[in-house]
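This report refers to the structure that appears directly beneath it.
Per chain, numbering begins at 1; letters A, B, ... match sequence-line order. Bear in mind the structure is a predicted one, so any value in this text is a computation, not a measurement.
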Amino acid sequence: MNEKFLSPYNPGDTEKRIYEMWEKSGFFNPDVCVEKGITDENAPAFSMVLPPPNITGRLHLGHTLEHSIQDMMVRFHRMKGFKTLWVPGTDHAAIATQARFEKDLLSKEKKSRHDFSREEFFSMVHAFGLENQKDMQQQMRLLGSSLDWSREAFTLDEKRSIAVKTAFKQMFDEGLIYRGHRIVNWDPKGQTTISDDEIVYEERKAKLYTFKYSKDFPIAISTTRLETKVGDTAVAVHPDDTRYQEFIGKTFDVDFCGEKLHIKIIADKDVDMEFGTGALGVTPSHSMIDWEMAERHSLPKIQVIDERAKMLAGNDEIKGKKTTEAREIIARILAEQGLLIKEEEINQNVSTAERSGGIVEPLPKLQWFINVNKPIPSRGNKTLKELMRAPIEANETIILPDNFQKVYFNWIENLHDWCVSRQIIYGHRIPVWYKNGTDSKIYCGIEAPQGDDWAQDTDTLDTWFSSGLWTFSTLGWPEKTKDLLTYHPTSFMDPAYEILFFWVARMIMMSEYFLGVPPFKTVLLHGIVRDKTGKKFSKSLKNGIEPEEIIAQYGTDALRMSMVVGNTPGSDINFDQQKVKAYKNFANKLWNIARFILSSTEGVNFDSSFKDFTETDQKLVDEEKAFIAEITKEIEGFKFHIASEKIYHFVWDTVADVILEESKKIFAEGDEAAILSRKQYLLFTLENILKILHPFMPFVTEEIWQLTEHETLLLVEKWPHTEAQK
RNA sequence: GGGCGAUUAGCUCAGUUGGUAGAGCGCAACAUUGACGUUGUUGAUGUCACAGGUUCGAAUCCUGUAUCGCCCACCA
């Protein structure tokens, strides 16, 4: 027996060495497995692509959960004989990375993006991101993830860039991508549009003003945003509101803070009769709802606020002021003129930009959109919305836990056209060129058009555009590569439920549209890793824990087990070091089980064809096979939290506490045949528990495997047979 | 306002088709120099939120109530 067993298991000494051994073997790459005869060439494929982490920073505990589950699946299927591929990668994360970089730039060098040329700024952000990327690649190795590094991808590398441009062009040519002057969420702080999904609402106190535009105006209205009222073109009331019937359809001219407004009284059922005076001042250019009303009633749309949230209209005092300042000026003017009727405090949900924290200003702008409601001839006249529903409805893609299917459909119901252009620098630039810098002639293509007078669109694409292509752009699309044919649709995807809409939905949209198949067969959503008391990890709370700290203290195997056991899919998990510690003890328990079995069977070799078991031992063999069949089924049914817990109890409560204890007695008192039978049984059991634990605790199991003088790697051993008799 | 969940031991949570309540941690007592003290044995603690219903039988299925949480939309 190896002397190593005389001291407790030390993950720190082991894990790095083991990972290097695996990586060197090349077996993370399914092609090598086939080449070396480990995997049958015609074996079914099992494929996954890693949800690419953002290169904004480093991996956190949430990522370790993701990796634990995914690597478990990959190792399980590799051992089951599948042609198994797990593609690694990272996400450039456009706005998130740029915002993070700009924040540092401002605090460290007191500079902004405007101090650099576009090219300079891009390469600075890129360099920052690539540093993080390098860190994360090492972190993934630390987690033991058996990723095929030879296929590593990045959402902004050259191959993915071609995929993005190809995708954009195809959607453009089919009229699914259009440019439109529409109201969008403008972030005045970040100076870019953002999607609906990038908005976070914050509850704040606000003043609700009730006032009249002028003395002669018949209806009082209420608003929190007085400054926008210089852009009003209508007052809307509910069609059934008896108070205002006589005014509907009439137009009034008023002088309001230096602007001559023509206010039409319209009836619209979106107006809430109960709120304020029951009448709503319609500001088409600066409110989503008002814009829609203006469309319905063909109202003029006047922009009165600019991209820096400053006033474009109003009297001399108002024009050029910030919106918040203008609001107070107008309140004062109204009070002076006796037009201000009421001022009250209310709670209001303010839209803020997730990344910059700026207050979102709805503005009409020329942007690029993806039409989700347009029938697509090449797809049987289905719309993108319908394509997103299709694979779920047809059970070609299973979302687990299944209550998230309802959430998914509910989201699609409310989906609007997707604004994909961003006014930031870090990202995929929109592959559209304008002749002579005007819109009169435009060109969309993979390469720039011939001639000098073409200027490329300065906007970049929403980061989710490139990540939407991820399952197939990583496999070589738009080329029809062997990988694409072999591994797509992918088998399994394991993202956090937080990105069901952002990402999962977009991947389904893109894959269904471009390939006519779903991106994956099963998507298992996991929850958020929170701190011990259930709070979200955040910088402001300073409750963050580095995965490295935990790994240094307890080992990767222990961390992985703690992430999997008892963690029900879709529900959040509170991270408690006590639990990690318990699995560190478990790794050591396993270590000592191996030590006992090896020391008490010295001189006996494991014989897989051994038949002369005693009746007792044969029963144990049968029970063990039944147990393995059971947990295999649990894993195949995505019940990892149950499978891992059962294995834990089998190893500790059954093998260690019962079987080993009984064995001591047999070795002391039994006859020769019984002793030999028991020794064979113990070796049989050791092999089995190492194998079934390997997907969950890869390092300690591989280390023991190596110390038992195997020539092979446990990594590519076959999962124990459960049907066929050994 | 729309949607989705949760409520089980002191704490954190499991409980797959309905069949006498489970784990980890914690707690108590005892044991032990030979696989492991990162141990073993034994033990205590639950009206499974509440109220009805279905059933021979409900933590589990149905209805309602309460409390908590999350997502989406959003009050001008």
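Between the side chain of A:Trp464 and the backbone N or O of A:Met507, no donor-acceptor pair lies under 3.5 Å.
Between A:Ser571 and B:A14 there is a side-chain N or O to OP1 or OP2 distance below 4.0 Å. A close approach under 4.0 Å does occur between a side-chain nitrogen or oxygen of A:Thr568 and OP1 or OP2 of B:A14. Between A:Trp652 and B:G40 there is a side-chain polar atom (N or O) within less than 4.0 angstrom of OP1 or OP2. Using a 4.0 Å cut-off, no side-chain N or O of A:Lys579 falls inside it from OP1 or OP2 of B:A14. Phosphate contact (OP1/OP2 of B:G5, side-chain N/O of A:Lys406, threshold under 4.0 Å): present. Contact between the side-chain N/O atoms of A:His641 and the OP1/OP2 oxygens of B:G15 is found at a separation under 4.0 Å. The phosphate of B:A35 has OP1 or OP2 within less than 4.0 Å of a side-chain N or O from A:Lys664.
In this structure, A:Asn574 and A:Ala656 both approach RNA chain B, and ranking their closest nucleotides by distance from the 5' end singles out A:Asn574.
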Using the rule given for side chain to side chain donor-acceptor pair (under 3.5 Å), can you reason through A:Thr685 versus A:Glu624, listing the C-alpha separation, both sets of side-chain angles and the distance that settles it, and then say yes or no? CA-CA 8 Å; A:Thr685 298; A:Glu624 192 165 312; 2.9 Å; yes

Kindly determine whether A:Glu702 and A:Gln706 satisfy side chain to side chain donor-acceptor pair (under 3.5 Å), including the steps that lead there. CA-CA 6 Å; A:Glu702 182 73 79; A:Gln706 293 306 317; 2.8 Å; yes

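Within the nucleic acid shown, A:Ala594 has no heavy atom closer than 4.0 Å to any nucleic acid atom.
Remark: the separation of the P atoms in B:A6 and B:U17 is 13 Å, to the nearest Å. The gap from the C1' atom of B:G15 to that of B:C48 amounts to 11 Å, rounded to the nearest Å. Here the separation of B:C74 from B:U55, taken at their C1' atoms, is 45 Å to the nearest Å. Nucleotides B:C71 and B:A29 place their C1' atoms 49 Å apart, quoted to the nearest Å.
Between A:Val235 and A:Ile221, some side-chain heavy-atom pair lies under the 4.5 Å cut-off.
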Heavy atoms under 4.0 Å is the rule here; annotate nucleotides 71-76 of chain B 5' to 3' with B where the base is hit, S where only the sugar-phosphate is, and - elsewhere. S-SBBB

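Looking at residues two or more places apart in sequence or on another chain, you find a side chain to side chain contact (heavy atoms under 4.5 Å, CB included) between A:Glu393 and A:Arg389, A:Phe409.
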